[in-house]
Protein chains: 2
Amino acid sequence: MEKKTVTTKGINNVCKHNIRAIHDALDIIGGKWKISIISCLTFQSMRYSELLREVEGISGKMLSRELKELEFNQLIIREVIDTQPITVQYQLTSYGETLKHLTLTIADWGLNHRKKIIG
Amino acid sequence: MEKKTVTTKGINNVCKHNIRAIHDALDIIGGKWKISIISCLTFQSMRYSELLREVEGISGKMLSRELKELEFNQLIIREVIDTQPITVQYQLTSYGETLKHLTLTIADWGLNHRKKIIG
DNA sequence: CAGTATCCGGTTTGATACTG
DNA sequence: CAGTATCAAACCGGATACTG
């Protein structure tokens, strides 16, 4: 029951605890493009081809793969619209919207970082 | 000057703008382990071997590689302590500490996510 | 202790061509 | 339009052995 030992253990537990939580989060949103896609859909729902244009650098293969995973994890909904030819609209679920704060936090930091290194 | 056009362009610009910012951020903190390492060092500075224990699953090779990159980007400081044998202490820079909010946000979401899927 | 060097299989990713 | 199939290249990352 020595105080220092208890404190250290306390910190280490918080640390491991957080790492586990981070790991859980990154399992879902940790891909190379997922945060970007979610961020996009935060502003408005979009079609496949729109996302392809908006998410700079992503290939079609990667986009459909990442979308599939996001859908599987119930962060987005895929809606097929019966036009000719068909179009597909992607939108965040309400669960996906719980990531809004997270994506904004990352974007904020990235913006400040760019300011810092580019000046 | 039609209103709808202006609005749409505005949204798209915000979208691309955010994606660029996210991309900038992920360049720095997007590795498999970086957020976890930073989260760890948020609580206290640590030695190499302590990090190896705390960051579950990481290998020595990956840890030193990630630490090198974090140091290069001035998020952490590596301090060699002249014991016998030498020990090395890693700590966040004040710039690295600007990531505190971000890591907590991710950990929070991950925690809630675990609650959701495990119940 | 705190790493580095090497080997090597597995995964990720891009380019391109193709489909309904 | 919204994808899928296939191949090849690049990268990731573990195990092991080694160094100062």
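First the proteins, then the strands, lettered A, B, ... as listed; each starts at 1.
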Worksheet item: Can you name the salt bridge (Lys or Arg N to Asp or Glu O under 4.0 Å) partners of A/Glu66, sequence neighbours left out?
Response: A/Lys34
Discussion item. So, using ring-ring contact (aromatic ring centres under 6.0 Å, His included) as the criterion, who are the partners of A/His113 when residues are at least two apart?
Written reply: A/Trp109, B/Tyr95
Worksheet item: Near DNA chain D, under 4.0 Å by heavy atom, which residues of residues 19-34 of chain B?
Response: B/Lys32
Worksheet item: Considering residues at least two apart in sequence or located in another chain, which fulfil the ring-ring contact (aromatic ring centres under 6.0 Å, His included) criterion with A/His17?
Response: none
Response to the item:
From CG of B/Asp82 across to P of D/dG20 the rounded distance in Å is 17 Å
Quick test: give all pairs of protein nitrogen or oxygen and nucleotides 2-7 of chain D nitrogen or oxygen below 3.5 Å, distance rounded to 0.1 Å.
residue	atom	partner	partner atom	Å
D/dA2	OP1	A/Arg47	NE	3.0
D/dA2	OP1	A/Val88	N	3.0
D/dA2	OP2	A/Ser49	N	3.0
D/dA2	OP2	A/Ser49	OG	2.7
D/dG3	OP1	A/Arg78	NE	3.2
D/dG3	OP1	A/Arg78	NH2	2.8
D/dG3	OP2	A/Tyr90	OH	2.5
D/dT4	OP1	A/Lys68	NZ	3.1
D/dT6	O4	A/Lys61	NZ	3.4

Practice prompt. Could you identify which residues cluster with B/Ile77, counting Ile, Leu, Val, Met, Phe, Trp and Tyr as linked when any side-chain heavy atoms lie under 4.5 Å apart, either directly or through a chain of such contacts?
Written response: none
Worksheet item: Would you say B/Gln74 has more than 12 foreign heavy atoms packed within less than 6.0 Å of its CD?
Response: no
Fill in: Interatomic distance where CG belongs to B/Leu52 and P belongs to D/dG13 [whole Å]
15 Å
Practice prompt. Under the side chain to side chain contact (heavy atoms under 4.5 Å, CB included) rule, collect the residues that match up with A/Thr103, sequence neighbours excluded.
Written response: A/Ile35, A/Ile38, A/Ser39, A/Thr42
Worksheet item: With clusters built from Ile, Leu, Val, Met, Phe, Trp and Tyr whose side-chain heavy atoms come within less than 4.5 Å, directly or transitively, what are the remaining members of the cluster of B/Ile118, listed by chain and number?
Response: B/Ile117
Item to complete: For A/Asp24, enumerate each residue passing the salt bridge (Lys or Arg N to Asp or Glu O under 4.0 Å) test, keeping only those at least two apart in sequence or located in another chain.
Response: B/Arg114
Worksheet item: Between B/Gln84 (CD) and D/dG20 (C1'), how many Å, whole number?
Response: 10 Å
Fill in: Secondary structure of DNA chain C in dot-bracket form (Watson-Crick or G-U wobble, distances below 3.5 Å, | marking inter-strand pairs)
||||||||||||||||||||
Worksheet item: Taking CE from B/Met62 and P from C/dA5, how many angstroms apart are they, rounded to a whole number?
Response: 14 Å
Practice prompt. Determine which pairs satisfy ring-ring contact (aromatic ring centres under 6.0 Å, His included) with at least one residue from residues 48-92 of chain B, sequence neighbours left out, and list them in order.
Written response: none
Worksheet, complete the sentence: For residues 73-91 of chain B, the salt bridge (charged side-chain N to carboxylate O under 4.0 Å, His left out) pairs (sequence neighbours left out) are none
